[in-house]
2 protein chains.
Amino acid sequence: MTSKLIPNISVDCVVFGFNPEEKLLKLLLIERKLEALEPYDININDFKLTGFHVEKSETLEEAASRVMRDLTGLENIYKKQFKIFGDPNRINKPHDLLWMKSQNLDARSLTVAFSFLIPENAINLEGKMFNPKWFPINNLPKMAFDHDQIAGEAYLDLKKKALHDPMVFELLAEKFTLNELQDLYETILGFELDSRNFRRKVLTKKYIVKLTEKRVGQTKKPSQLFSFDQKIFDAISEENRLINI
Amino acid sequence: MTSKLIPNISVDCVVFGFNPEEKLLKLLLIERKLEALEPYDININDFKLTGFHVEKSETLEEAASRVMRDLTGLENIYKKQFKIFGDPNRINKPHDLLWMKSQNLDARSLTVAFSFLIPENAINLEGKMFNPKWFPINNLPKMAFDHDQIAGEAYLDLKKKALHDPMVFELLAEKFTLNELQDLYETILGFELDSRNFRRKVLTKKYIVKLTEKRVGQTKKPSQLFSFDQKIFDAISEENRLINI
DNA sequence: ACAAAAGTGTTAGATCTACACCCATGC
DNA sequence: GCATGGGTGTAGATCTAACACTTTTGT
């Protein structure tokens with residue numbers, strides 16, 4: 001059997017979504033279903049990160065983007081290679097071994113985990129294959145394989161990077177309010193921020209651009225919209241010489 | 001042929017070493033030699049990162065540590081998984097394809113890059129196999145495969161993390177002087193620091209512990225020694241709530 | 001008019017930057 | 001006694017933390 005897949009390498013996508021109304025950070029998971037077909041006499045029905053094996057002719061980044069496109073129909077979602085999981089015993093539960101066998105995949109399989117960041121409402125889940133669902137990061141269902149570990153480490157990584165990496169802006173719409181930005185930080189970091197101090201600080205940053213628009217209708221008082229300018233950020237951070245240990 | 005190696009997964013070690021006397025950051029590389037044996041009619045003689053394929057029964061971390069132990073005889077060197085390189089065309093030069101063939105390895109091979117940090121003089125290179133040599137990071141020789149790219153990205157990663165990660169202390173001996181620490185930062189970051197301001201800042205950090213010893217003999221005036229306390233650092237950084245974008 | 005979220009100012013303490021000379025020792 | 005690297009202090013500017021009320025709209 002000549003497959004175009006590499007049998008022992010997969011990508012898994014840890015898809016973070018932020019919902020500013022609910023102030024919740026979520027993960028996008030899909031159902032894993034294996035209905036009792038012989039020779040498997042166990043029903044498997046839990047959740048997993050979306051992922052798939054890498055094709056021989058594509059890069060890891062291409063594989064991750066392909067998997068996300070298949071899931072969501074979207075291209076160009078922000079992503080970052082995060083870690084590779086390659087423990088020889090990472091797949092060891094009976095359910096999981098059965099599943100791998102049912103898919104004709106190696107049990108010693110390495111997976112390259114990618115973190116994806118997107119506003120929750122940027123993905124329309126209607127009518128998508130695999131039945132994807134959002135789960136709050138602090139209330140995840142039982143997950144397949146070592147996906148709970150992968151998700152946990154990805155969240156820790158995000159939490160750590162949030163303090164000094166602008167990747168978090170990817171979780172907001174292009175145009176956002178300062179309250180949304182503050183809610184996002186509070187949600188990721190897990191502590192509250194003083195809104196007066198937060199706003200004063202943010203407003204000094206040249207890469208947070210005040211737009212001419214306001215958002216009306218959604219709340220009582222119209223709120224000023226802002227956007228994030230990556231180019232200005234990059235220029236400023238190049239001249240940053242502050243050691244912060 | 002049943003091998004205990006996974007044919008398409010390797011680890012590569014980007015070994016950083018700091019020399020405080022020379023104020024140089026270096027990489028430890030080994031020679032790649034393929035002498036004209038039939039059917040190969042080309043001499044290969046350049047340098048590469050130390051690396052090897054992963055065994056079926058070991059984790060990636062174990063593989064990286066094993067490779068370092070084989071090279072240096074040392075255990076427990078600080079290491080960090082850094083990135084996986086899996087481009088299908090990452091090995092494409094005629095020399096490199098010949099080399100892979102001579103080693104019975106897949107040309108579509110993924111390598112997991114690990115960064116190692118150690119003081120240069122902690123490794124004794126005398127009589128070691130593979131003829132390892134230190135090269136200043138800004139003056140690297142011609143390297144095999146995509147190892148120049150891997151080394152370059154690892155250096156960028158170190159430069160970026162140095163600003164807020166205490167991993168840099170791994171490049172110094174257990175006991176170090178503040179001038180060594182300052183030289184280290186200046187070398188990695190590529191700009192100069194004001195020694196009065198640097199010292200004042202460092203001395204406020206509880207995890208930089210002033211020892212009762214001084215180093216004598218090496219310079220004219222004896223110099224105060226310090227050590228880094230990871231536990232205190234972790235405790236302090238957990239309560240750090242400063243967003244620094 | 002009132003409910004709801006948006007938005008704003010001050011002060012005290014801490015930290016950052018810029019800048020130039022004295023100190024302890026080996027030779 | 002002098003050369004060498006080790007080590008220090010001050011003042012002005014900026015940033016941080018802690019604190020509560022006013023503004024603008026939709027209903």
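Numbered from 1 within each chain, the chains take letters A, B, ... in sequence-line order. Predicted model only: the values in this text are computed from it and were never measured.
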* **Contact nearer the 5' end of DNA chain D, comparing R200(A) with D194(B)** => D194(B)
* Using only heavy-atom distances, determine whether the side chains of S223(A) and K214(A) contain a donor-acceptor pair under 3.5 Å. => no
* Asked: So, for F176(B) and F228(B), is the gap between ring centers shorter than 6.0 Å?
  -> no
* To do: Calculate the interatomic distance between N179(B) atom CG and dT25(C) atom C1'; express it in whole Å.
  => 15 Å
* Asked: What is the distance, rounded to the nearest whole Å, between atom NZ of K220(B) and atom C1' of dC22(C)?
  -> 17 Å
* To do: Write down the distance between CZ (R215(A)) and P (dT25(D)), rounded to a whole number of angstrom.
  => 16 Å
* **Earlier contact from the 5' end, DNA chain D, for R196(B) and I243(B)** => R196(B)
* dG6(D) C1' sits how many Å from L178(B) CG, rounded? -> 10 Å
* Rounded to the nearest Å, what distance is computed from the CG atom of residue L225(B) to the C1' atom of nucleotide dG6(D)? -> 12 Å
* To do: Answer yes or no: does atom CD of E238(B) have more than 12 heavy-atom neighbours from other residues, nucleotides or ligands under 6.0 Å?
  => no
* Asked: So what does N197(A) touch, heavy atoms closer than 4.0 Å: a base, only the sugar-phosphate, or nothing?
  -> base
* Asked: In terms of side-chain geometry, is the basic nitrogen of E213(A) or K175(A) positioned less than 4.0 Å from the acidic oxygen of its partner?
  -> yes
* For atom NZ of K221(A) and atom C1' of dC21(D), their distance in whole Å -> 12 Å
* To do: Please determine if a side-chain N or O atom of K201(A) lies less than 4.0 Å away from the OP1 or OP2 oxygen of dT16(D).
  => yes
* Whole-Å distance between dC15(D) P and L242(B) CG? -> 12 Å
* Asked: Rounded to the nearest Å, what distance is computed from the CG atom of residue N244(A) to the C1' atom of nucleotide dA14(C)?
  -> 14 Å
* To do: Indicate whether OP1 or OP2 belonging to dG7(D) is found under 4.0 Å from a side-chain N or O atom of R199(B).
  => yes
